[in-house]
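For reference, the structure discussed in these notes is given below.
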Amino acid sequence: MEDGNKTMAENGNTHAKISCKNVSKTFIQKGTQQVHVLDGISLDVAENEFVVILGPGQCGKSTLLRIMAGLETASTGSVIINDKEVDGPGQDRGLVFQSYMLFAWKTVMGNVEMGPKLRGVGKEERRKVAQHYIDMVGLQGFENKYPHQLSGGMKQRAGIARAYANQPQVMLLDEPFGQLDAQTRIYMEQETVRIWEQEKRTVIFVTNNIDEALFLGDRIICMEGKLPGRIREVYDVNLPRPRKFTDLDFLKLRHEITEASELTL
Amino acid sequence: MSFAEVKITKEPLMVILPILSIVAFFGIWQSLLSFGVVPSSLLASPLQVLKLFIAKWTQVNPDGALLTTHMWTSIQEAFTGYILALLVGIPLGLAMGWFPIVEGLARPIFELIRPIPPIAWIPLTIFWFGIGIPGKVFIIWIAGIVPCVINSYVGVKMTNPVLIQMARTYGASNWQIFIKICIPSALPMVFGALQIALAYCWTNLVGAELLAADNGLGFMITMGRRLAMPDMVLLGMAMVGLTGAVIGVIIDAVEKRLLAGIRR
């Protein structure tokens, strides 16, 4: 609510929270065939900034996120988070996936408290933390439900609460609302902004949906439409929050981004 | 919005046909013997089998034990071997699925032993244990361990890699991931193994008893042959089938209860 757009300059923070330096990724397929997925990505993200990586399917955006998460290694270049080079997954980064990826054999509470539990946090303490984030995402009353008893939107809420409960400094979200219906999706986007404003984190949000990108991001990193993945253009979204999909400025920027990319996003 | 409840009724034909088939099966079987089409030295009639079934509750002879004794011996052997197979096979399979060292060491030996039919071990078990219960337990253990290892192994291998990665981001150790992620994910496969292993154990038990035993349902069948009593052979066969089916139903119920809430 308080401050709509935090860009690096406005924060007075020239020190990047996340810094990708010339990151490239080449996969080797079937022994010899090389696929260049990312090519020379350089990107600085300020603390508590909400950055959206926008691009169509197969543009390397998820791979970039996975490199930041430490789930893939960059072929060249490096990712520095909190002044430390990424060399594997870590507790400082929380992950939310499109396919929810909840532990099917655990209740909502069990899922959310999993991170603290694995780190050896005592039962009382981790229950308190988990309950806080369950309340934050609006799942109170569903603590003892299993994932198969939840709707898609609720599953993703649980996924977000689980990521937060691990107290990460950076949230990495990979098309988290891609499987939701349009109504639920817009609602979850509003919730995402509310949660982010409530508990500020540096957020990297990957999506192929231009409205979602404009609604959420302080900055939009627009990717090329084909491999190898390169950054085509970066847009600062200086629109006040809460944003509306039908505001003139919103639509103007939407028009600009659409025109600049030959994609129908 | 409300919908009228639609009652799903089985098509009458699908009720009548199975009954008809069963009645016809036993009717023809009975009449073949009643009218002397098949000599009674080759086959016993259903009624004869039923008569023997009733008699064997109280009558030890001619095969040396009551029907319940035979059944109890078989069940004891089967369950001891089965439980031992689960206790060894499931942890081994799970560990093989996750720890490369265990996989590297255990898998070649397992693959070597796996294709040998359990019954082929009988002569060796007679050397080692004689014809008593321990020999049969060993055969059943061999029979049951194979599906336990395979299913647990595959179950762990099938764990969603993203879940494992996620746990890594939570700072979970290798061991924690194995215990908290891989084993729960493998559970449905492991439960599948319980059923398969039991079926394996039961079949191989009867095989083992046919060849080397002094008690048990398989032994009863063998005695029926030696004494030229087709009714005893048939009674033994029927009891093997019946007991196996009952045990299967029980395991199924236990599985359903344990898996409630885990299944998607």
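Chain identifiers are assigned alphabetically (A, B, ...) following the order of the sequence lines, protein sequences preceding nucleic acid strands; residue numbering begins at 1 within each chain. Because the structure is a prediction, the values reported are computed rather than measured.
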Please indicate whether A:Q198 has more than 12 foreign heavy atoms, meaning atoms of other residues, nucleotides or ligands, lying under 6.0 Å from its CD.
-> yes
Pick whichever of A:M101, A:Q91, A:Q149, A:R93 has the most heavy-atom pairs under 4.5 Å with chain B.
-> A:M101
Run the numbers on B:S185 and A:F103 for side-chain contact (heavy atoms from CB on, under 4.5 Å), then give the verdict.
-> CA-CA 8 Å; B:S185 313; A:F103 303 112; over 6 Å; no
How about A:Q183: does its CD atom have over 12 heavy atoms from other parts shown lying under 6.0 Å from it?
-> no
Might you confirm whether atom OH of A:Y187 has over 12 heavy atoms from other residues, nucleotides or ligands at distances under 6.0 Å?
-> no
So which part of B:I177 gets closer than 4.5 Å to some heavy atom of chain A, the side chain, the backbone, both or neither?
-> neither
Hey, could you give me the CD1/CG distance between B:I179 and A:L118, rounded to the nearest 0.5 Å?
-> 12.0 Å
Which atom names give the shortest non-hydrogen contact between B:Y170 and A:R119, and what distance separates them?
-> O-CG, 3.6 Å
Proximal to chain A - members of residues 148-168 of chain B, heavy-atom separation under 4.5 Å | B:N160, B:V162, B:L163, B:Q165, B:M166, B:A167, B:R168
Does A:I28 CD1 have over 12 foreign heavy atoms under 6.0 Å away?
-> yes
